[in-house]
Each structure stands twice: as C-alpha cells, then as structure tokens.
Amino acid sequence: MAYPVLNIDLDRIEHNARIIVDLCASHGVGVSGVTKAVCGHPQVAAAMLRGGVTGIADSRLENIQRMRGAGLDAPYMLLRLPSLSRVDEVTAWAGVSLNSEAETLEALSAAALRQGRVHEVVLMVDLGDLREGIWPDRVVDLAKSLMPLAGIRLKGIGTNLACFSGTVPTRSNMRYLAELAAEIERTCAISLDWVSGLNSSGLILMAGGGLPGRINHARIGEAILLGRETTHRKPRPGTYQDAFVLQAEVVELQRKPSAFKGEHGEDAFGGHPHFENHGDILHALVNIGRQDVAVEGITPLAPATVVGASSDYVGLDVSALAGTIRLGDVLSFHLNYAALLAAMTSPYVEKRCFSGRLFDHRIMYA
Ligand SMILES: *Cc1c(COP(=O)(O)O)cnc(C)c1O
C-alpha cells in the first residue's frame with residue numbers, strides 16, 4: 001500500500017449527519033450538508049444524504065459538477081456568490097445559489113430564462129462577519145427589486161457568521177434576521193421558504209434554545225465532517241471527531257539534536273521557527289508537507305510531536321517510540337478543518353473511503 005492516504009470513514013460521517021439532522025429537526029431547522037471541505041467527494045455527500053440532510057451545498061461549481069457527474073441525485077446549492085462570468089453554469093448546475101449583488105441576480109435571471117428554468121436565490125445579509133452579504137438596511141429594497149425578475153425566485157434570506165471575523169451567532173442577531181425576513185414577506189407579499197441563519201457555529205445557540213422560531217435552515221459542514229461546532233471547536237455530543245485519519249510514511253528516522261546552534265535566517269516559508277533545545281531526539285520525517293496539509297492542524301495519534309515542516313516533509317520528535325518505530329512505518333494523524341481541506345485538495349494524498357467494516361482507530365502503524 002502506498003502513502004500518504006486519507007482514510008474516510010463513511011459510516012461515521014453518516015452517523016454524524018444523523019445526529020446533527022435530528023438535533024436541528026427538534027428545533028424546526030432543516031439541514032443542507034456542506035461538502036466544500038471534501039471537494040465535493042461524492043461518497044461523502046452520499047453518506048450525508050443517508051444521514052438525512054435534505055440537500056447538498058458546496059462553494060465550488062466544479063464540486064457540484066463532480067457529484068452530479070457521479071450520479072448523485074440531490075438538490076444542490078451553490079454556497080459561493082456566483083461570478084458574473086459563470087451565471088449560465090450556475091443556473092445549469094445548481095438549483096439554488098447565495099447572492100448579494102443586484103447585477104448578478106439580473107444576470108442569473110436572464111441565464112435561467114435562456115435555459116427555461118427557474119433558479120432559486122437566497123439573499124445573504126451581513127450581520128457583522130464582514131464576509132459576503134448585503135448590509136441589513138438595504139436587503140428589503142434588494143428583495144423588492146427581484147420581484148419583477150422572471151427566471152429567479154426568492155427562496156429566502158441567510159447569513160454566514162464565525163468565518164472572516166469570528167462574529168458569533170446570538171439571540172439578537174438571529175432575531176434581527178428573522179425580523180428582516182418578516183419585513184420582506186410583508187413588503188413583497190411573499191412567503192420565504194428559508195431563513196438560513198446557521199452554519200456549524202450556530203449549534204450551541206440552537207441547542208440551548210436560543211434560536212427564534214423563524215430560523216428554519218442550516219448549512220452544516222464541519223459539525224458533520226469533524227463533529228465540532230465552530231465557535232469554540234467543542235465536540236458535539238454523540239458525534240465522532242475522527243471520521244478522517246491521515247496516514248503518512250516514515251522516510252527518514254535518525255537521531256538528531258533537537259536544536260542547532262548556528263546562524264539562522266528565515267525558513268522556507270518566511271517564518272522564524274524556534275527549536276527548543278532538549279538534547280538529542282529520535283527524529284522522523286514523514287512524506288506529507290505543507291503542500292498536502294495545514295501542518296498546524298494535524299495531531300499525531302501516536303506519542304509524537306510535530307517539530308517542523310516544509311512543502312514535502314513533516315518532522316516529528318518520535319523519541320517516545322524509540323525501539324518500536326522503524327523506517328517505512330506509517331504514522332496516523334487527526335485533522336482539523338484547515339488540515340482536512342488541504343488534504344482533500346492535495347492530488348498527492350490518496351483518498352480511501354470505507355464503510356461497513358471498522359477501521360481500527362487505535363492503530364498507530366498500519
Ligand atoms: C462553508 C459554509 C458553510 C458551512 O460552514 P461550517 O462551519 O462548515 O458548517 C455554510 N455557509 C456558507 C455560506 C459557507 O460558505
């Protein structure tokens with residue numbers, strides 16, 4: 001078997017999806033499963049659907065095309081604002097998209113009309129995360145301006161929090177979103193299917209009963225994939241945090257000093273790493289690097305510590321494994337969201353899905 005490999009436990013993903021979907025359902029919230037961190041991996045998306053999500057949402061058209069191309073039939077939503085240059089693809093491949101620009105909405109309307117479709121849109125409102133979204137005082141006017149546009153249908157409004165600026169969902173900003181929805185419904189004499197207030201950062205507020213009843217839709221990625229909410233990265237009760245295990249092979253294993261005295265400049269990535277001197281260590285290099293993974297986001301399962309990284313290597317202090325570890329052994333790592341995203345995106349990391357048989361998560365060496 002060749003390494004590096006990213007093992008994907010589809011049963012655990014399905015289980016996590018079911019836990020999150022049930023939790024949300026008990027608060028009147030439907031869930032779209034977000035697949036962008038797994039590059040629209042069709043088997044992961046299928047596991048989410050088995051777990052009960054009502055649709056798949058992804059930020060990349062290419063990922064939606066990949067899932068559809070694999071024959072995975074589901075309602076698809078584009079999470080990223082459509083580019084004006086690609087509106088025809090958006091309406092062709094996604095039933096719903098998130099939007100904030102009047103000009104893009106007009107272009108989507110024209111594209112949908114050309115294709116004889118009705119494209120559904122969710123208006124994103126910026127409630128302080130300073131990522132996408134119209135400022136709240138302009139959202140009702142934008143909604144009104146959509147009413148005459150054939151080819152698109154206003155499906156709802158939404159907001160994205162805890163991303164760019166870490167602004168957290170609160171009772172008061174969720175109430176504000178619900179009030180904006182009510183105002184749009186009044187002014188435009190329509191009813192909105194979705195008030196999409198949540199991503200994984202909203203689960204604590206929701207579980208604590210702090211969500212206004214009108215918020216009825218969530219777009220959930222990390223809590224399903226990695227079993228964590230995202231305001232404090234706490235594990236969600238009943239979910240697995242280890243549906244993904246990255247494995248890399250030891251390609252050098254040598255005793256070396258833990259620090260080297262001598263002149264130091266910048267490292268390969270412009271950083272100034274500091275190496276603590278605690279004598280000689282058993283030092284292992286494994287065959288993954290910054291090109292494959294966000295090194296700060298990997299945690300070895302074995303008693304080993306990451307001490308350095310380049311584009312192609314991660315260096316570990318494996319002194320605690322002296323006597324057992326050998327060249328060619330495989331070390332396993334748990335991943336955070338950034339590391340998962342990078343490992344899924346790296347063409348050098350083989351993705352290996354399994355289900356129905358339990359991967360032994362205690363294995364340190366394969
Ligand atoms: C990525 C994304 C999500 C999912 O966020 P998680 O924290 O992974 O649940 C939801 N909405 C939008 C608009 C996104 O881009």
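Atoms within a ligand are numbered from 1 in the order they appear, just like the ligands themselves. Index from 1, following the sequence.
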Colleague: Write out the residue and atom name of the closest protein heavy atom to atom 12 (C) of ligand 1, then the distance separating them to 0.1 Å.
Modeller: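 Answer, as residue, atom name and distance: N160 OD1, 3.3 Å.
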Colleague: Could an N or O of ligand 1 be found under 3.5 Å from any N or O of R219, whether backbone or side chain?
Modeller: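 R219 vs ligand 1: N/O contact under 3.5 Å present.
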Colleague: Could you pull out the closest heavy-atom pair between A304 and L316, with the gap in Å?
Modeller: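 Closest pair (atom of A304, atom of L316, distance): CB-CD2, 4.1 Å.
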Colleague: Does a salt bridge link E14 with R12, judged by any charged N lying under 4.0 Å from a carboxylate O?
Modeller: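 No.
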Colleague: Among V53, N16, I224, I220, find the one that has a side chain to side chain contact (heavy atoms under 4.5 Å, CB included) with V21.
Modeller: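 For V21, the side chain to side chain contact (heavy atoms under 4.5 Å, CB included) check succeeds only for V53.
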Colleague: With a 6.0 Å cut-off (strictly less than), is the heavy-atom count around CD of Q241, excluding the residue itself, greater than 12?
Modeller: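 It does: Q241 CD has more than 12 such atoms within range.
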Colleague: Kindly identify the option in I220, L341, N199 whose heavy atom sits closest to atom 5 (O) of ligand 1.
Modeller: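 Looking at heavy atoms only, N199 sits closest to atom 5 (O) of ligand 1.
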Colleague: Could you tell me which atoms of ligand 1, counted from 1 in the order shown, lie closer than 4.0 angstrom to a heavy atom of L98?
Modeller: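 Under 4.0 Å from L98, ligand 1 has these atoms: 13 (C).
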Colleague: Taking only heavy atoms of R131 into account, list the atoms of ligand 1 that are under 4.0 Å away from them.
Modeller: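 Checking each atom against R131, I get 12 (C), 13 (C), 14 (C), 15 (O).
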Colleague: Heavy-atom distance to atom 15 (O) of ligand 1: which of E229, E132, R80, K36 wins?
Modeller: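 The residue whose heavy atom sits nearest atom 15 (O) of ligand 1 is K36.
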Colleague: Does ligand 1 have a heavy atom under 4.0 Å from the side chain of M77, from its backbone, from both, or from neither?
Modeller: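 Neither; nothing of M77 gets under 4.0 Å from ligand 1.
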Colleague: If I compare all heavy atoms of R255 with all of L282, which pair ends up nearest, and what's the gap?
Modeller: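 It is NH1-N, 3.8 Å.
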Colleague: List every atom of ligand 1 that sits less than 4.0 Å from any heavy atom of E222, numbering the atoms from 1 in the order shown and giving each element.
Modeller: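 The list of qualifying atoms is 6 (P), 8 (O), 9 (O).
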Colleague: Among A57, S200, S201, whose heavy atom sits nearest atom 6 (P) of ligand 1?
Modeller: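 It is S200 that holds the nearest heavy atom.
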Colleague: Taking all non-hydrogen atoms of both residues, which atom of M124 and which atom of S100 are closest, and how far apart?
Modeller: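 For M124 versus S100, the nearest heavy atoms are O-CB, 4.4 Å.
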Colleague: Does CZ in R68 sit with more than 12 non-hydrogen atoms of other residues, nucleotides or ligands closer than 6.0 Å?
Modeller: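 Count over threshold, so yes.
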